[in-house]
Amino acid sequence: MPFALIDCNNFYVSCERAFQPKLEGKPVVVLSNNDGCVVSRSNEAKALGLQMGEPWFKMEKLAKQHGIIAFSSNYTLYGDLSARVMSILSTFAPRQEVYSIDECFLDLSGFDPASLTSYCQKMRQTIQRNVGLPVCVGIAETKTLAKLANHCAKKGFFGANGVCDFGLLDDTQRSALFSSISAGEIWGVGRRISEKLLTMKIKTIEDLRTANLERMRSQFSVVMARTVQELNGVSCLELEKVGKARQQIVVSRSFGSMITELDDLSESIAYFTTRAAEKLRGDGSVAASIAVFIYTNPFKEDAPQYNGSITVALSHPSDDTRELIKAALSGLREIYRSGFHYKKSGIQLMGLQGKGTIQPTLFDDTEKQSKSTTVMRTMDAINRKMGKGSVTLAASGIQQRWAMHRGRHSRNFTTDWGELMVVGEDK
DNA sequence: TCTGGGGTCCTAGGACCC
DNA sequence: TCTGGGGTCCTAGGACCC
C-alpha cells in the first residue's frame, strides 16, 4: 500500500514569503529564538553556502554582502499556516498522519497506481493556490522510502516536478538511484550512525539496503533493522493515529541575557510551567512529576560552568498550574547555586496520563480538585479570548529580565486582528 | 557582544522482589 | 572457603527526528 509524504519546501521561509512576495527570488533565512541560529533557508540562501543551525552572528558579514534577509521565527504564523495545509491535505486521502509542523503522510491505498503522480500534482496546486506555499510529494510502499522519494522530488531526480513516485521505477533504476545517494540521507540514519556505517564499508543507500539484516540488528538496534526492511519495501512503520496524547511536555528557553539571581530564574520557571500546564490541559492530561533544569552558557568556556537538574514528584497527578509551579520552584531552590551566570532554564512534565484515567487515592480532596479544575478552565478561557498571558500567576513576573530577543519578527498576518494585512498598503 | 526548542524511541544498568 | 537467578520496573543517557 503506497504512502505519500508531503513536505513544505523551506517551510518557515516560505511562510514569510507567502505574505511578502517581494521576498521571492531573494536569499531569505529564518532564525531561531534570540535570533541565535539559522533554522530555515531559501534556495538562494542555501546556494550562498549558509548552513542549517549555523550561529547567525557568524554569518552576518556574509549576509550583508549578499543582501540576505533574516527574520526572527514567528511560530504563531507558521503554526496557523501549517494547520491550513494539513486540513487541505486531509481531504485528499482517508487517513493522514501529521508528522511535524511542515509534513504529513497520507495513506494512498486503493487509488489507481498509474494516476498517483497527477493526483499528487493536484495536491501541490491546491496548497499553492489556497495557502501560497510550495510543497513536494514522495510516493512509495513504505514510509522510509516515501521520505526518500520526497527528497528526490525536491532534488528534481528523474525530471521530477515536485512529485516522485518510486512505484514507477524498476529494480535496476532503484539500484542505480540508491547507489548514488549516501546512507546518511535515510530517515533514522544520523551523524553517529553514518560514521559507524562507514567503518563497516556501508556508504550508500544501496549498501545499506543489501546489508545483512541480523548483523544490522546486532550492531545497531531493532530500529536499524526496521529501516533496512523498509528500504526493501517491507512496511514496518504504520500510519500513526492523529491526536495521540504526548508523553512529555518540555518548555525551555535560552535567556536574552545572562541571569544570576534566584528570583529571575524563579520567574522564568514559573512562566515556562504556566505554558506547559496550558498544553497539558489542552491534551486533557495530568502530570505525575515535573523536572527542572538550569544551565550556564556552554560556549563561554572560561566562565564557571554549572548544570543543575532535579525531578520533583507531585503528591498526586495534576494539571493545576499552581501546584505545578509550587513543585517546580521547590526543585529550583534545591538546585540553584549562586555565583553562576545562567543562560537557559526549563521544565519537563513527565508521567502524563489522561485526566479521566487516574486512580483516586484515599487521601484525595475531591472538592479541592474540582475547584482547581474550574479555576484553570476559567484562566484558559480568558487567555484564549483576550490573548495569551492576559491572566497569569504573579510568580511568572512582569519584569521578565530573561525574556528573549526577537528583533526581526514579522507580523502575525493571520492570527492577530491588529496585524492583518491591509489591501493596498505599501509593502 | 551574539550559538534553538520540542519531541520520540531504545538500551543498559540499578533497584527491588521473590 | 563457598554468597542465586530471574523477572519487572524505573531512570539516565544516547541516538534520532523536525
Side-chain angles (χ1 to χ4, degrees), chain A residues 5-12 29-41 51-61 63 70-75 78-79 82 97-105 143-144 147 150-151 183-197 217-227 236-237 240 244-258 268 272 275-276 279-280 283 288-289 291 293 295-301 303 307 309-311 313 341 343-352 404-408:
Chain A
L5 187 269
I6 300 94
D7 190 313
C8 301
N9 305 351
N10 313 328
F11 182 58
Y12 297 169
V29 298
V30 172
L31 306 176
S32 63
N33 284 330
N34 288 311
D35 296 341
C37 296
V38 174
V39 291
S40 180
R41 305 161 292 159
Q51 295 301 307
M52 184 72 173
E54 198 76 4
W56 177 237
F57 73 88
K58 287 186 184 170
M59 320 297 293
E60 271 179 305
K61 201 172 156 198
F71 289 92
S72 305
S73 34
N74 183 346
Y75 291 109
Y78 311 151
S82 170
E97 173 189 342
V98 176
Y99 178 70
S100 75
I101 192 167
D102 73 333
E103 62 189 293
C104 74
F105 290 98
K143 286 167 91 175
T144 303
K147 289 279 280 188
N150 187 282
H151 171 79
E185 295 291 341
I186 289 293
W187 189 36
V189 179
R191 192 175 54 85
R192 302 303 291 268
I193 290 179
S194 295
E195 282 170 12
K196 187 167 171 191
L197 284 173
R217 193 196 309 276
S218 63
Q219 288 290 307
F220 297 91
S221 73
V222 295
V223 182
M224 175 59 91
R226 275 202 293 261
T227 298
C236 305
L237 303 169
E240 303 218 7
K244 218 171 61 174
R246 281 169 287 211
Q247 303 187 17
Q248 59 174 40
I249 294 172
V250 178
V251 179
S252 75
R253 296 277 184 284
S254 297
F255 306 135
S257 52
M258 297 293 190
S268 72
F272 300 152
R275 293 282 88 81
K279 288 190 197 179
L280 185 68
D283 283 2
S289 59
F293 47 91
Y295 299 144
T296 51
N297 187 350
F299 295 101
K300 257 196 145 109
E301 285 169 12
N307 297 338
S309 73
I310 191 171
T311 301
H341 289 87
K343 178 62 180 165
K344 180 174 182 172
S345 74
I347 64 102
Q348 178 183 9
L349 300 181
M350 295 179 301
L352 306 194
M404 42 179 198
H405 294 148
R406 300 196 302 180
R408 304 154 173 276

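To find a chain, count down the sequence lines: A is the first, B the second, and so on, and within it residues start at 1. Nothing here was measured: the structure is a model prediction, and the numbers come from that model.
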At their closest point, which heavy atom of [X] faces which heavy atom of [Y], and how far apart are they?
| X | Y | result |
| --- | --- | --- |
| Ser72(A) | Asp35(A) | OG-OD1, 2.7 Å |
| Tyr78(A) | Phe11(A) | O-CZ, 3.6 Å |
| Ser73(A) | Ser32(A) | OG-C, 3.8 Å |
| Ala70(A) | Arg408(A) | O-CB, 3.6 Å |

### Query
Base, sugar-phosphate, or nothing: which does Arg406(A) touch, judged by heavy atoms less than 4.0 Å apart?
nothing

### Message
Base, sugar-phosphate or nothing for Gln247(A)? Non-hydrogen atoms, less than 4.0 Å.
### Response
sugar-phosphate

### Query
Using a cut-off of less than 4.0 Å, is there contact between a side-chain N or O of Lys343(A) and OP1 or OP2 of dC2(B)?
no

### Query
Any side-chain N or O of Ser252(A) less than 4.0 Å from the OP1 or OP2 oxygen of dG4(B)?
no

### Task
Among the candidates dT3(B), dC2(B), dG6(B), find the nucleotide nearest to the side-chain atoms of Arg253(A).
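The listed nucleotide nearest to Arg253(A)'s side chain is dG6(B).
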
What is the distance, rounded to the nearest whole Å, between atom [atom1] of [X] and atom [atom2] of [N]?
| X | N | atom1 | atom2 | answer |
| --- | --- | --- | --- | --- |
| Leu31(A) | dG4(B) | CG | P | 12 Å |
| Leu349(A) | dG6(B) | CG | P | 12 Å |
| Tyr75(A) | dG5(B) | OH | C1' | 7 Å |
| Asp35(A) | dT1(B) | CG | C1' | 14 Å |
| Asn297(A) | dC2(B) | CG | C1' | 10 Å |
| Lys300(A) | dT3(B) | NZ | C1' | 12 Å |
| Ile347(A) | dG6(B) | CD1 | P | 9 Å |
| Asn33(A) | dG5(B) | CG | C1' | 7 Å |

## Note on the structure
Note: for Tyr12(A) and Lys244(A) on DNA chain B, the residue whose nearest nucleotide lies more 5' is Tyr12(A)

### Of Val222(A) and Lys58(A), the one whose closest DNA chain B nucleotide lies more 5'
Lys58(A)

### Task
Report yes if the side chains of Met224(A) and Arg217(A) come closer than 4.5 Å at any heavy-atom pair, otherwise no.
no

### Message
Is the shortest side-chain heavy-atom distance between Lys143(A) and Glu97(A) below 4.5 Å?
### Response
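Counting from C-beta outward, Lys143(A) and Glu97(A) do come under 4.5 Å.
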
### Query
dC18(B) pairs with which nucleotide, Watson-Crick or G-U wobble, both distances below 3.5 Å?
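Across all strands, the one nucleotide that pairs with dC18(B) is dG5(C).
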
### Distance between C1' atoms of dG4(C) and dC16(B) (Å, rounded)
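The answer is 15 Å between these two C1' atoms.
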
#### Entry: Option passing side-chain contact (heavy atoms from CB on, under 4.5 Å) with Val189(A) (candidates Thr144(A), Val223(A), Leu197(A))
Leu197(A)

### Query
Can you give one letter per nucleotide of nucleotides 7-18 of chain C, going 5' to 3': B for a protein heavy atom under 4.0 Å from the base, S for sugar-phosphate only, - for none?
--------SSSS

